[in-house]
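Worksheet for the structure shown next.
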Amino acid sequence: MKKIFSLFVLAMMVLVLAACGGGNDEASEGSASEGEGSGETKTIRAGIGLNDSHPQYLALLEWKKIVEEKTDGAIKVETYHSSQLGDDRAMTEALQLGSQEVTIPSTAPIANFVPEYSVFDFPFLFPNEQVADKVLDGEVGQKFLDKLEDQNLVGLAYWENGFRDVTNSERAIESASDFEGLKLRTMENDLHLDAFKALGANPTPMAFGELFTAMQQGTVDGQENPIPTIYLQGFYEVQDYVSTTHHIYSPFVFLMSKEFFDGLTEEQQTIVTEAAVEAGALNRELNREAVAEYADELKAEGMNYNEVSPEARAEMVKIVQPVLDEYAEKIGKETVQEVYDAVAEAEAELAE
Ligand code: KDG
């Protein structure tokens with residue numbers, strides 16, 4: 001599998017470098033605004049926080065390939081990884097201002113722009129990836145994408161970050177009490193902060209780009225992210241324990257600047273949207289293959305890997321429930337119930 005994954009990485013890199021005649025850095029200076037509204041080439045600056053070996057970036061390269069091919073070069077895509085254009089919040093704000101065209105953040109930071117998005121980060125909401133796909137790609141998912149327009153953002157599709165697990169340098173998380181006093185980095189999301197406080201941890205919100213150094217210097221004891229991120233970002237170099245809490249299924253949202261989207265022809269709008277769905281399917285496929293493989297790689301790298309029991313998870317659910325009730329009040333009980341109903345419906349359909 002690793003061979004296929006690396007071959008895919010290599011193939012994509014060669015293709016893209018061939019397509020854009022060198023790295024994204026040289027292309028960025030002074031090219032971004034050329035062509036807007038003039039019918040000439042339109043340039044998209046697409047930035048993410050994760051690095052260039054992550055399934056998210058590989059799928060972004062696929063999206064670039066589809067869009068450039070289907071628009072016969074009328075749209076050019078420059079891709080930036082590893083927070084080169086800033087963190088999730090900064091890049092989302094840049095889209096609102098029209099100084100960047102695409103970013104693909106987790107739903108957690110988006111809740112700072114559209115509070116209802118917090119429901120997608122309710123711990124233990126989605127039982128598995130298949131149920132998440134059904135809900136996100138369904139009516140409820142579309143309803144949430146439509147909420148972004150008031151924020152000068154257009155949501156084209158949902159991609160996958162995945163089930164988040166906890167790593168740290170102190171101890172294995174085998175029960176809720178093991179969170180006691182742990183200095184944990186979280187994404188910039190109040191629900192995440194309050195949920196980890198309820199579990200007894202000492203959470204700190206921090207941009208993804210600052211995380212590795214914070215763990216290296218001991219500013220934080222640990223963090224939580226899906227297995228592919230833990231492995232591909234090299235967290236095993238600065239962390240000793242990984243525990244499969246699977247406490248949140250984290251979707252990504254493929255965002256485009258509304259100003260830029262509205263400036264496209266109808267045909268181009270269809271191309272960028274359909275390409276986001278198509279490349280999103282690739283992102284999910286690569287991510288799920290990566291989870292299986294990289295769990296073993298983390299053990300091989302010497303991390304202490306423990307499976308968290310269903311009983312321990314049930315204990316954590318009970319402890320964070322009051323926080324969820326509080327947020328349901330804040331973001332609207334009806335909205336939250338609608339999502340839980342969609343989860344139950346999807347689960348029933350998949351069980352048939
Ligand atoms: O590219 C996406 C990242 O910026 C971020 O969303 C990753 O899950 C993430 C985190 O923990 O910040």
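Along the sequence shown, residues are numbered consecutively beginning with 1. Note that ligands are numbered from 1 as they come in the structure, with each ligand's atoms numbered from 1 the same way.
- Aromatic ring pairs are classed by plane angle as parallel below 30°, tilted from 30° to 60° and perpendicular above 60°; the pair Y231 and Y294 is parallel.
- Results of the side chain to side chain contact (heavy atoms under 4.5 Å, CB included) test with T244 over I227, V308, N306, V166 single out V308 as the only residue that passes.
- Using bins of under 30°, 30° to 60° and over 60° for the plane-to-plane angle, the ring pair F163/Y249 lands in the perpendicular bin.
- Near ligand 1, I48, G49, L50, Q56, D88, S106, N161, R164, R185, M187, F208, N225, F252 each place a heavy atom less than 4.0 angstrom from the ligand.
- Note that CG of L182 is 5.0 Å distant from CG of N168, once rounded to the nearest 0.5 Å.
- Taking the side chain as every heavy atom from C-beta outward, T219 and E210 never approach each other to under 4.5 Å.
- For F120 and F144, the distance between ring centers is under 6.0 angstrom.
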